[in-house]
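Here's the structure we're looking at; comments come further down.
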Amino acid sequence: MEYKNLDTLKAFAELSNSKKASIKELLSKERVEKCNIAAGGSLTYNYAAMPVTDEAISLMQALADEDELVEKYKAILSGQVMNPGEKRLVLHQLTRGNCLGTPVLADGEDKGEFYSSQLARIKDFSEKVRNGVIKGSTGKPFDTVCQIGIGGSDLGPRALYLALAEYINNSPVKHLNAKFISNVDPDDAASVIRTINPETTLFVLVSKSGTTLETLTNQLLVTSSLKGVDPAKHLVAVTSKTSPLASSKDVLDAFFIDDYIGGRYSSTSAVGGVILSIALGYETFEEILKGAHEADMNALETDITKNAALMDALIGMYLRNVYSYPSTAILPYSQALSRFPAHLQQLDMESNGKHVNRFGEKLNYVTGPVIFGEPGTNGQHSFYQLLHQGTDIVPLQFIGFKENQAGRDIVIEGSTSQVKLNANLAAQIVAFALGKNDDNPNKEFDGERPSSLIYANRLTPLALGALLAHFENKVMFQGFLWNLNSFDQEGVQLGKVLAKKVLNGCQGDEILKAFADLLI
Ligand SMILES: O=P(O)(O)OC[C@H]1O[C@](O)(CO)[C@@H](O)[C@@H]1O
């Protein structure tokens with residue numbers, strides 16, 4: 001859908017060209033207290049340090065209304081085809097609740113029913129593994145679960161597990177160690193196999209397509225290493241019903257994900273549900289789903305000052321298309337979120353790193369930004385020099401929590417470590433925004449570096465679910481704004497084809513062979 005009329009976009013552009021807002025001039029105590037949006041799942045999104053004036057906000061509201069962004073979201077939720085090319089539905093939000101209250105039927109199947117039946121199976125299976133009813137082939141209960149998968153079959157589930165491991169350790173809920181194998185690099189699998197006891201480890205083989213080279217290779221590498229056990233009793237599959245894996249006899253059980261759920265949007269399906277329920281308890285996974293559903297409900301707000309994901313999306317587009325900033329940094333001040341930026345790289349860059357619109361027409365505007373990031377305060381000792389004094393301005397997305405997860409802390413020089421962490425977070429937001437004058441240019445900070453902050457009291461399963469869904473919905477709204485198909489990934493296919501060509505001897509492609517000869 002093109003914009004009904006381009007006045008809003010033109011006004012948007014003129015606004016920034018003619019009178020670029022200054023964060024230094026905008027920022028105040030009152031603005032910090034005013035620019036908060038409840039995002040669901042105990043999260044709050046704060047945009048006080050973004051260069052958006054009231055005028056820009058009213059233009060963004062007009063753009064959201066003109067482009068019918070919430071209506072498009074409702075169309076997705078009700079199972080309408082959004083992508084003309086693929087005739088595919090986009091149903092990942094349905095895995096955590098039914099926002100519109102009506103079941104989504106696709107080819108006659110009640111998808112809500114399918115998802116709840118899969119959840120029931122995950123609950124039953126994970127409880128039996130955790131309480132020793134389901135044991136390994138030598139009769140020992142499982143104490144470790146290991147996911148074999150890559151991309152969306154690895155990044156989201158791994159990020160969510162790492163985000164809650166310490167939280168669970170500091171709770172009465174039993175914690176089964178989870179490990180992850182993803183890369184076809186044999187050292188990846190070796191580094192995990194060396195640390196596990198085959199008799200007490202259950203492997204979760206995750207591949208929606210059931211054809212991904214890395215995952216199938218690792219399945220054989222792992223099962224060939226399992227001495228003294230029957231591999232089929234130590235392996236479950238998570239795949240689509242239409243994949244070759246669905247009918248494999250080499251697995252103890254199989255859980256299914258809907259064809260209409262993209263890999264990078266699949267953490268709240270069985271792709272994340274099986275391993276998270278076995279490792280952290282089904283109730284923990286249920287809380288993640290609850291938080292994600294609350295964020296999905298928040299994303300239905302038509303008033304952008306009440307819709308955190310939509311405001312985040314609009315500001316992101318403003319900084320990308322009007323200020324022409326090429327990248328965005330995700331900076332969680334929480335070591336538990338160490339792999340969350342990596343998950344968001346796939347979510348954002350594989351969704352909106354596109355050069356044609358939904359109708360296959362070449363675009364004449366820029367689309368998805370480069371996403372990178374590391375937890376704070378570590379990033380401060382790594383790449384913050386460029387963020388503060390580099391020649392490129394990089395929009396920043398901070399994430400922070402008032403309390404830690406492990407419950408263990410120490411007071412040194414009058415403050416706890418958690419307070420020191422958040423003192424750095426608050427300081428960085430202000431340093432980026434306001435900078436510092438200095439007679440020595442090398443010590444001068446221009447400021448005017450835009451940032452947002454998502455915060456909550458503590459990184460709980462509920463907050464984590466909402467955080468996951470917030471970014472999924474932000475990326476979805478930006479895809480609508482850029483008129484893209486955010487739910488395919490043609491850009492990853494060429495590399496796979498050429499890799500297969502190398503494995504088959506390069507078939508006369510001398511440049512390909514020249515590089516292959518350097519390495520093989
Ligand atoms: O789950 P599968 O089908 O093995 O795919 C793994 C990943 O490969 C991709 O298809 C391409 O990177 C991702 O979108 C997906 O998450």
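Quick caveat, the model's predicted, so the values are computed rather than measured. All ligand and atom numbering here is 1-based and tracks the order in the structure. Starting from 1, each residue takes its place in the sequence as its number.
In this structure, the ring of Tyr265 has its center less than 6.0 angstrom from the ring center of Phe487.
Using a 30° and 60° split on the angle between ring planes, Phe477 and Phe480 fall in the perpendicular class, above 60°. Using cut-offs of 30° and 60° on the angle between ring planes, the pair Tyr161 and His175 is tilted.
Set against the non-hydrogen atoms of Val492, the atoms of ligand 1 under 4.0 Å away are 11 (C). Atoms of ligand 1 lying under 4.0 Å from any heavy atom of Gly263, numbered from 1 in the order shown and given with element: 16 (O). Of all atoms in ligand 1, numbered sequentially from 1 with element shown, those under 4.0 Å from a heavy atom of Gly152 are 15 (C), 16 (O).
Comparing Gln489, Glu350, Gln493 by heavy-atom distance to atom 12 (O) of ligand 1, the nearest is Glu350. Between atom 7 (C) of ligand 1 and the options Val206, Ile150, Ile148, the minimum heavy-atom separation is to Ile150. Checking Lys208, Gln346, Lys496 against atom 10 (O) of ligand 1, the nearest heavy atom belongs to Lys496.
Among the atoms of Thr215, none of the N or O lies under 3.5 angstrom from an N or O of ligand 1.
Nearest non-hydrogen protein atom to atom 1 (O) of ligand 1 is Ser153 OG, 2.7 Å. In this structure, the protein non-hydrogen atom closest to atom 4 (O) of ligand 1 is Thr212 OG1, 2.5 Å.
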Checking side chain to side chain donor-acceptor pair (under 3.5 Å) for the pair His234/Ser137: CA distance, chi angles, key distance, verdict? CA-CA 7 Å; His234 288 255; Ser137 62; 3.3 Å; yes
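Asp312 and Gln397 form a side-chain donor-acceptor contact under 3.5 Å, judged by distance and modelled atom types alone. Residues Gln489 and Arg264 bring a donor and an acceptor atom of their side chains to less than 3.5 Å of each other. For the residue pair Ser269 and Thr95, no side-chain donor N or O sits within less than 3.5 Å of a side-chain acceptor on the partner.
Ligand 1 lies out of reach of Glu214, whose nearest heavy atom is not under 4.0 Å from it.
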